[in-house]
Amino acid sequence: MTRVESLEAPLVVGAGVAGLSVALGLERAVVITSKEMGSTWWAQGGIAAAVSADDSPGAHAADTVAVAGGLAVEDAVAALTGGGPEAIARLIEMGAQFDRDDDGALVLSREGGHHARRVVHADGDATGAEVMRALNAAVDTADTVEMLEGRVVDLARHDDRVVGVVTADGKKRVVYTAPAVIMATGGAGRMYSHTTNPSGVTGEGIMMAGRAGARLADLEFVQFHPTALNAGKDPMPLLTEALRGEGAKLVDAAGRRFMDRYHPMAELAPRDIVARAIFWQYDRGSSAYLDGRSIVNFHERFPTVTAHALSVGLDPSEDLLPVSPAAHYYMGGIDADPSGRTSVPGLWAVGECSSTGVHGANRLASNSLLEGLVFGAKVAHDVDSTPRPAPIGPVEVPGDSLDLPVLSGPVIEDLRQVMWDRVGLIRTGSGLWEARNSLVDMEPILGRTIAGRNAVNLGLLMTMAALRRSESRGGHYRADYPEEDPKQAMRALVVPGATPAERVR
Ligand SMILES: Cc1cc2nc3c(=O)[nH]c(=O)nc-3n(C[C@H](O)[C@H](O)[C@H](O)COP(=O)(O)OP(=O)(O)OC[C@H]3O[C@@H](n4cnc5c(N)ncnc54)[C@H](O)[C@@H]3O)c2cc1C
């Protein structure tokens, strides 16, 4: 028997920067989130925003578009960068403590692809934790937001409308109906064996929307961060881009720099170019290290990186740090506009699970916390100004989400390895077909649980999207088609089709 509970307020799924920003902007909200913390807590480098006198939202927009491989949706970019200064001011008002100089001015870093110092940060490299501390404190004092804990496993529908979610606790299922559902479930980095993303960031929200018939976009575009600490940990600790902004160099084992061979901006080239350069170092039998020894007061300025390095016996002020690329950010996701509207009535999406085209084929560093803050506020406004639907009739949910166990077994690790080997940084047509066939072989076992089913289906969608794009662009690199093809300069949209649903018993 499945319990059905009716909520009067809009329901936000996920409590990272995007979900909490929506919740705080709504007149009333219920937030439901699983125990996993999501990526925001881990964000290091900061939030990009044109807050200095010699910068402007227009210059920030130009940098965002320049790295986006020709696919940035320019209206969305203008909305993002235009909302930056206000979003920072709002966070400061909530109590966020950003790093400041002796005169009290915000200290701004520069990161790859940015032509100005515009990255606001906290505690050196612990920006995400400070953002979450401030947002959670605001939620605690707001009497408009109710927090619930629960693992959402699917969306509930009535006709072609999303009318709620299904949560699972062991075998128990609860259906929550709500006047609007806002997905803010984060990215999909855990689809890869090499990732900076913490557990739980598996793309589940994207697949739930797809199962409800929502249009998905840009599924082939994964951003691989160039510098994760290559010391056998999962997730791989991130060595923030700000290190290179502050002068850290990429070198081989002999201490020779190599990035100037690949791009005029050398270590500050766009992420995809730096990531592939490091990959090719290994491919040629060489290696790659980050040399941050010239950074003054390293330990004080980068305490998170220092702690990660010391935990594997390396001192970043004295040692070279071995680096590898790792899956880091997903440009693909639920097709949405900056107000979060998706192709399905009743369903909004925001943050890393959404794909608004604001990052095009490649995200500019430190634009995603900003996206959660700026678009989160827009979504709240849109949801509150959308007329509430009439009371709904019977609720329908795909039967397998009511019956299957939630968690998957060890085969998921095989899937993550296949995705890294064949759908990773360097792709080829034959490798992608191999990946597709391996995933199809895994499907009978993975399909026995909700997590496995979602992972294998998302893996297949990502693989087929990568196969269809026979060119290289942004985060998607095909060794068999290494050039951009102007004829393919468009976003790719997919409608997986709603999974048949049955009336909740
Ligand atoms: C190591 C690291 C460093 C980064 N550094 C930066 C940076 O410096 N600047 C920057 O702009 N970006 C950075 N990023 C990217 C940025 O952190 C993310 O893009 C952003 O935080 C995503 O926010 P979100 O709210 O969309 O998702 P998340 O913060 O991932 O939150 C997702 C939420 O959804 C919940 N959830 C997920 N699935 C379910 C489910 N099935 N049921 C219920 N709840 C669910 C989770 O519990 C979580 O609360 C970094 C990412 C990583 C991993």
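One-based numbering, in listed order, for ligands and for the atoms of each.
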**Q** Output the list of atoms in ligand 1 that are nearer than 4.0 Å to some heavy atom of L238, sorted by atom number.
**A** 1 (C), 2 (C), 3 (C)
**Q** Of the listed options (L369, L239, T240, D125), which comes nearest to atom 11 (O) of ligand 1 when hydrogens are ignored and any heavy atom counts?
**A** L369
**Q** Apply salt bridge (Lys or Arg N to Asp or Glu O under 4.0 Å) to E111 and list each qualifying residue two or more places apart in sequence or on a separate chain.
**A** none
**Q** Check whether any N or O atom of S34, backbone or side chain, sits under 3.5 Å from an N or O atom of ligand 1, and answer yes or no.
**A** yes
**Q** Check whether the ring centres of H359 and Y329 lie less than 6.0 Å apart, and answer yes or no.
**A** yes
**Q** Side chain or backbone of P235 under 4.0 Å from ligand 1, or both, or neither, by non-hydrogen atoms?
**A** neither
**Q** Polar contacts were defined as any N/O atom of the residue lying under 3.5 Å from an N/O atom of the ligand; does this apply to G19 and ligand 1?
**A** no
**Q** Between the side chains of R301 and T306, does any donor sit under 3.5 Å from an acceptor?
**A** no
**Q** Pull out every atom of ligand 1 sitting under 4.0 Å from any heavy atom of G150, numbered as shown with elements.
**A** 42 (N), 43 (C)
**Q** Under 4.0 Å from any heavy atom of A184, which atoms of ligand 1 are there?
**A** 32 (C), 33 (C), 34 (O)
**Q** Tell me if the aromatic rings of F224 and F279 count as close, with their centers under 6.0 Å from one another.
**A** no
**Q** Applying side-chain hydrogen bond (donor to acceptor under 3.5 Å, both in side chains) to R363 and T64, what does each step give before you reach the verdict?
**A** CA-CA 7 Å; R363 176 191 65 130; T64 302; over 6 Å; no
**Q** Would you indicate which of T304, V153, T40 comes nearest to atom 24 (P) of ligand 1 when only heavy atoms are counted?
**A** T40
**Q** Are any of the N/O atoms on G200, whether in the backbone or the side chain, positioned under 3.5 angstrom from an N/O atom of ligand 1?
**A** no
**Q** Out of curiosity, is K35 lining ligand 1, as in a heavy atom under 4.0 Å away?
**A** no
**Q** Could you tell me whether some N/O pair between W42 and ligand 1 is separated by less than 3.5 angstrom?
**A** no
**Q** Of all the non-hydrogen atoms in the protein, which one sits nearest to atom 30 (O) of ligand 1, and at what distance?
**A** S39 N, 2.8 Å
**Q** Could you work out, for atom 35 (C) of ligand 1, the closest of A242, G14, G333 by heavy-atom distance?
**A** G14
**Q** Counting non-hydrogen protein atoms only, what is the nearest one to atom 42 (N) of ligand 1? Give residue, atom name and distance.
**A** V152 N, 2.9 Å
**Q** Are G205 and ligand 1 in contact, using a heavy-atom cut-off of under 4.0 Å?
**A** no
**Q** For Y329, take its heavy atoms, then give the atoms of ligand 1 lying under 4.0 Å from any of them.
**A** 19 (O)
**Q** Is the number of heavy atoms from other residues, nucleotides or ligands under 6.0 Å of H299 NE2 greater than 12?
**A** yes
**Q** Between H328 and ligand 1, which residue portion shows a heavy-atom distance shorter than 4.0 Å: side chain, backbone, both, or neither?
**A** side chain
**Q** Tell me whether G38 has any N or O atom under 3.5 angstrom from an N or O of ligand 1.
**A** no
**Q** Could you tell me whether G45 and ligand 1 have an N or O pair separated by under 3.5 Å?
**A** yes
**Q** Check W41 against ligand 1 and report side chain, backbone, both or neither, counting heavy atoms closer than 4.0 Å.
**A** neither
**Q** Geometry only, no angles: is T196 polar-contacting ligand 1 at N/O separations under 3.5 Å?
**A** no
**Q** Among all the protein's non-hydrogen atoms, which is closest to atom 27 (O) of ligand 1, and how far away is it?
**A** G186 CA, 3.3 Å
**Q** Count the heavy atoms of every other residue, nucleotide or ligand shown that sit under 6.0 Å from CD of E5, and state whether that count exceeds 12.
**A** yes
**Q** Could you tell me, atom by atom, which parts of ligand 1 come under 4.0 Å of a heavy atom of N367?
**A** 11 (O)
**Q** Could you tell me whether E352 approaches ligand 1 through its side chain, its backbone, both or neither, with non-hydrogen atoms closer than 4.0 Å?
**A** both
**Q** So is G351 polar-close to ligand 1, meaning N/O to N/O under 3.5 Å?
**A** no
**Q** Flag G46 as yes when one of its N or O atoms lies below 3.5 Å from any N or O atom of ligand 1, and as no otherwise.
**A** yes
**Q** In terms of ring plane angle, is the pair H114 and H60 parallel, tilted or perpendicular, where the classes change at 30° and 60°?
**A** tilted
**Q** Would you tell me whether T195 and R416 have side-chain atoms, one donor and one acceptor, within less than 3.5 Å of each other?
**A** no
**Q** So, T342 versus D335: side-chain donor-acceptor pair below 3.5 Å or not?
**A** no
**Q** Any heavy atom of R363 closer to ligand 1 than 4.0 angstrom?
**A** yes
**Q** How about E300: does its CD atom have over 12 heavy atoms from other parts shown lying under 6.0 Å from it?
**A** yes
**Q** Are K233 and S311 close enough that a side-chain donor and a side-chain acceptor fall under 3.5 Å?
**A** yes
**Q** Report yes if some N/O of N197 lies less than 3.5 Å from some N/O of ligand 1; otherwise report no.
**A** no
**Q** Within a distance under 4.0 Å of any heavy atom of A18, pick out the atoms of ligand 1 and give their elements.
**A** 25 (O), 26 (O)
**Q** Does E241 have a heavy atom less than 4.0 Å from any atom of ligand 1?
**A** no
**Q** Can you tell me if G372 has a non-hydrogen atom under 4.0 Å from ligand 1?
**A** no
**Q** Evaluate the criterion side-chain hydrogen bond (donor to acceptor under 3.5 Å, both in side chains) for residue pair T202 and N454; output intermediate values, then yes/no.
**A** CA-CA 9 Å; T202 57; N454 285 341; over 6 Å; no
**Q** Go through it in stages, so that I can follow the logic: the residues are V166 and V152, the test is side-chain contact (heavy atoms from CB on, under 4.5 Å), and I'd like the CA-CA distance, side-chain angles, deciding distance and then a yes or no.
**A** CA-CA 6 Å; V166 190; V152 174; 6.0 Å; no
**Q** Identify the protein heavy atom lying closest to atom 37 (C) of ligand 1, giving its residue, its atom name and the separation to 0.1 Å.
**A** T185 O, 3.3 Å
**Q** Do you see a donor-acceptor pair shorter than 3.5 Å between the side chains of Q223 and N362?
**A** yes
**Q** Suppose we measure from atom 12 (N) of ligand 1 to each protein heavy atom; which comes out shortest, and what is that distance?
**A** S368 OG, 2.8 Å
**Q** What are the atoms of ligand 1, with element, lying closer than 4.0 Å to any heavy atom of M208?
**A** 41 (N)
**Q** List the residues meeting side-chain contact (heavy atoms from CB on, under 4.5 Å) with E146, not counting sequence neighbours, and say none if there are none.
**A** V30, L148
**Q** Where does H359 meet ligand 1, judged by heavy-atom distances below 4.0 Å: at the side chain, the backbone, both, or neither?
**A** neither
